[in-house]
Engineer: 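Once you've had a glance at the structure underneath, I'll fire off some questions.
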Amino acid sequence: MRWLSTDVGAFISIIVGSFLAVIVVTWLHLFTTCLVLTSAGALARLDIQISGFKRWRSFLMLATISLSGLGLGGTLEFLSKTGRLILF
């Protein structure tokens, strides 16, 4: 690689790489959550497609389930913050 053969290129690559490593370590909880959610979605889509569903049908199934979970979570958070959520 011609970029790394110069001193300036190697220095910039090391600085950028360490900056990205610091961001990943600092935001590790968010990074791991996003990585787990992305992996779970990819595996679920692969499993649905292997089951014989077409690409659009698998997308619609995953989108429906994901948006239902998002709506349910948002509703529960709203109700718990406003004090309207009554649990036995």
Side-chain angles (χ1 to χ4, degrees):
M1 293 175 69
R2 197 166 178 205
W3 171 258
L4 292 176
S5 63
T6 64
D7 289 339
V8 174
F11 178 74
I12 290 175
S13 297
I14 290 171
I15 294 298
V16 169
S18 28
F19 177 71
L20 290 175
V22 166
I23 289 176
V24 166
V25 169
T26 303
W27 293 93
L28 193 61
H29 62 284
L30 184 62
F31 179 73
T32 54
T33 302
C34 290
L35 185 64
V36 166
L37 288 176
T38 303
S39 300
L43 288 174
R45 183 171 180 177
L46 182 64
D47 195 32
I48 289 172
Q49 284 181 349
I50 287 174
S51 298
F53 292 103
K54 299 294 181 195
R55 287 173 44 170
W56 276 104
R57 185 153 177 111
S58 66
F59 170 74
L60 290 175
M61 288 171 65
L62 287 175
T64 302
I65 292 169
S66 299
L67 291 175
S68 298
L70 180 67
L72 181 63
T75 302
L76 287 175
E77 182 183 5
F78 174 76
L79 292 176
S80 67
K81 286 193 176 198
T82 58
R84 296 180 187 168
L85 182 64
I86 300 172
L87 299 173
F88 302 103

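Residue numbers run from 1 in the order of the sequence given.
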Engineer: Can you list every ring-ring contact (aromatic ring centres under 6.0 Å, His included) pair that touches residues 36-57, not counting sequence neighbours?
Structural biologist: Trp56-Phe59
Engineer: Please report the interatomic distance CG(Leu37) to OG1(Thr32), rounded to the nearest 0.5 Å.
Structural biologist: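 It is 9.5 Å, given to the nearest 0.5 Å.
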Engineer: Give the minimum heavy-atom separation between Leu62 and Ala44, together with the two atoms involved.
Structural biologist: CD2-CB, 3.9 Å
Engineer: List the residues meeting side-chain contact (heavy atoms from CB on, under 4.5 Å) with Leu30, not counting sequence neighbours, and say none if there are none.
Structural biologist: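 Residues passing side-chain contact (heavy atoms from CB on, under 4.5 Å) with Leu30: Trp27, Cys34.
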Engineer: Give me the other members of the hydrophobic cluster that Ile15 sits in, counting Ile, Leu, Val, Met, Phe, Trp and Tyr linked by side-chain heavy atoms under 4.5 Å, directly or via other members.
Structural biologist: Phe11
Engineer: Going by salt bridge (Lys or Arg N to Asp or Glu O under 4.0 Å), name the residues that satisfy it together with Lys54, two or more places apart in sequence or in a different chain.
Structural biologist: none
Engineer: Enter the distance from Ser18:OG to Ile14:CD1 here, rounded to the nearest 0.5 Å.
Structural biologist: 7.5 Å
Engineer: To the nearest 0.5 angstrom, please state how far the CG atom of Leu60 sits from the CD1 atom of Ile48.
Structural biologist: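 Here the interatomic distance stands at 10.5 Å.
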Engineer: Please identify each residue that fulfils side-chain contact (heavy atoms from CB on, under 4.5 Å) with Gln49, with sequence neighbours left out.
Structural biologist: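 Arg45, Arg55, Ser58.
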Engineer: Establish whether Ile12 and Leu20 are linked, either directly or via other cluster members, by ILVMFWY side-chain heavy-atom contacts under 4.5 Å.
Structural biologist: yes
Engineer: Working to the nearest 0.5 angstrom, can you tell me the gap between Thr38 OG1 and Leu43 CG?
Structural biologist: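 Between atom OG1 of Thr38 and atom CG of Leu43 there are 11.0 Å.
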Engineer: Sequence neighbours excluded, which residues qualify as side-chain contact (heavy atoms from CB on, under 4.5 Å) partners of Leu76?
Structural biologist: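 For Leu76, the residues satisfying side-chain contact (heavy atoms from CB on, under 4.5 Å) (neighbours in sequence not counted) are Leu72, Leu85.
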